[in-house]
Amino acid sequence: QVQLLESGGGLVQAGGSLRLSCAASGRTFSNYVMGWFRQAPGMEREFVAAINRSGRSTRYGDSVKDRFIISRVDAKNTVYLQMNSLKPEDTAVYYCAAANVWLSTTSAYDYWGQGTQVTVSS
């Protein structure tokens, strides 16, 4: 079992930046692929970014590519999402998740945090 706790959400103006953090506890953090997803009201949960176990490979959703950066620090059992050049359409609840496979689908992720709200004003 892995417990995930997100933090760092909030209200920001368009063009601004936020950094989300996700602290993991339970099983060995370095064993897991880590991902970020988001869900806006009335929308399906959307893949944002993922990082593999070693941290050497990352992948991003098309809507955030070149603006968001995912990273991990295994010594702190933490994964980060640096969000730059934020847009109103980035407004959503952001979820951290852990998986045993290198995939981008929600069904591939076994453990989820409770989410943190990000609101971008225009």
Side-chain angles (χ1 to χ4, degrees):
Q1 192 80 3
V2 176
Q3 292 79 41
L4 302 170
L5 182 63
E6 303 95 336
S7 61
L11 175 64
V12 64
Q13 287 189 332
S17 298
L18 277 177
R19 188 176 80 155
L20 305 183
S21 300
C22 172
S25 60
R27 293 189 177 179
T28 306
F29 177 73
S30 58
N31 288 347
Y32 293 92
V33 170
M34 298 301 298
W36 286 96
F37 293 78
R38 68 186 183 186
Q39 189 166 20
M43 305 291 286
E44 291 190 356
R45 195 164 293 189
E46 175 191 18
F47 170 74
V48 174
I51 187 166
N52 72 345
R53 294 176 183 85
S54 70
R56 295 190 187 98
S57 292
T58 57
R59 54 172 54 147
Y60 296 92
D62 290 340
S63 60
V64 307
K65 205 172 295 184
D66 299 326
R67 297 189 298 124
F68 290 11
I69 301 171
I70 188 172
S71 61
R72 65 190 297 161
V73 179
D74 287 356
K76 295 185 177 182
N77 287 352
T78 302
V79 61
Y80 302 96
L81 185 68
Q82 177 67 42
M83 305 185 294
N84 302 318
S85 302
L86 283 161
K87 305 174 182 180
E89 50 264 43
D90 294 318
T91 295
V93 177
Y94 283 71
Y95 298 89
C96 172
N100 288 299
V101 293
W102 183 230
L103 292 172
S104 307
T105 55
T106 55
S107 60
Y109 286 75
D110 301 305
Y111 304 102
W112 294 83
Q114 86 293 344
T116 185
Q117 176 70 47
V118 172
T119 303
V120 184
S121 63
S122 57

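- Each disulfide bond (SG atoms under 2.5 Å apart) pair with one or both residues in residues 26-76, not counting sequence neighbours, would appear here, but there are none.
- Residue M83 is grouped with residue I70 when hydrophobic side chains (ILVMFWY) are merged at heavy-atom distances under 4.5 angstrom, including chains of intermediate members.
- The two residues N100 and D110 make their nearest non-hydrogen contact at ND2-OD2, 3.2 Å.
- For the residue pair S57 and W102, the shortest heavy atom distance occurs at O-CH2, 3.6 Å.
- Closest heavy-atom contact between M34 and L4: CE-CD2, 3.9 Å.
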Item to complete: Apply the test side chain to side chain contact (heavy atoms under 4.5 Å, CB included) to residues R38 and V64: give CA-CA distance (whole Å), side-chain angles for both, the deciding distance (0.1 Å), then the verdict.
Response: CA-CA 11 Å; R38 68 186 183 186; V64 307; 3.8 Å; yes

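- For K87 and D90, the salt-bridge test fails: no basic side-chain N is under 4.0 Å from an acidic carboxylate O.
- Here the CG-CG distance, from L5 to N77, works out to 12.5 Å after rounding to the nearest 0.5 Å.
- By the side-chain hydrogen bond (donor to acceptor under 3.5 Å, both in side chains) test, D66 is found to be paired with no residue, residues two or more places apart in sequence or in another chain being considered.
- For the atom pair CD of E6 and CH2 of W112, the computed distance is 9.5 Å after rounding to the nearest 0.5 Å.
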Worksheet entry | Check against side chain to side chain contact (heavy atoms under 4.5 Å, CB included), V120 and Q13 | CA-CA 5 Å; V120 184; Q13 287 189 332; over 6 Å; no

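- Under the side-chain contact (heavy atoms from CB on, under 4.5 Å) rule, F68 has a single partner from N84, L18, L81, T58, which is L81.
- Interatomic distance, R59 CZ to L103 CG, rounded to the nearest 0.5 Å: 7.0 Å.
- If you take OG on S25 and CD on Q1, they are separated by 9.5 Å, rounding to the nearest 0.5 Å.
- Ring orientation note: the planes of F37 and Y109 are nearly perpendicular, at an angle over 60° on the 30°/60° scale.
- Side-chain contact of E46 with S63: a donor-acceptor pair under 3.5 Å is present, judged by distance alone.
- Closest of all the heavy-atom pairs between N52 and R56 is OD1-N, 3.1 Å.
- The structure places OH of Y94 at 15.0 Å from SG of C22, a figure rounded to the nearest 0.5 Å.
- A donor-acceptor contact shorter than 3.5 Å is absent between the side chain of R19 and the backbone of Q82.
- The cluster map of Ile, Leu, Val, Met, Phe, Trp and Tyr, joined by side-chain heavy atoms under 4.5 Å apart, puts V12 and I69 in the same cluster.
- Clustering ILVMFWY residues whenever any of their side-chain heavy atoms sit less than 4.5 angstrom apart, transitively, puts V48 in a cluster other than the one holding V93.
- V2 and F29 fall within a single hydrophobic cluster, where Ile, Leu, Val, Met, Phe, Trp and Tyr are joined by side-chain heavy atoms under 4.5 Å apart, directly or via other members.
- Residues V118 and Y95 fall into different hydrophobic clusters, defined by Ile, Leu, Val, Met, Phe, Trp and Tyr side chains chained together at heavy-atom separations under 4.5 Å.
- The two residues P88 and A14 make their nearest non-hydrogen contact at CD-CB, 4.1 Å.
- Side chain of R67 to backbone of S85: a donor-acceptor contact under 3.5 angstrom is found.
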Worksheet entry | Full working for side chain to side chain contact (heavy atoms under 4.5 Å, CB included) between W36 and V79 | CA-CA 9 Å; W36 286 96; V79 61; 3.9 Å; yes

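- The line from CD of Q117 to OG1 of T91 is 7.0 Å long, rounded to the nearest 0.5 Å.
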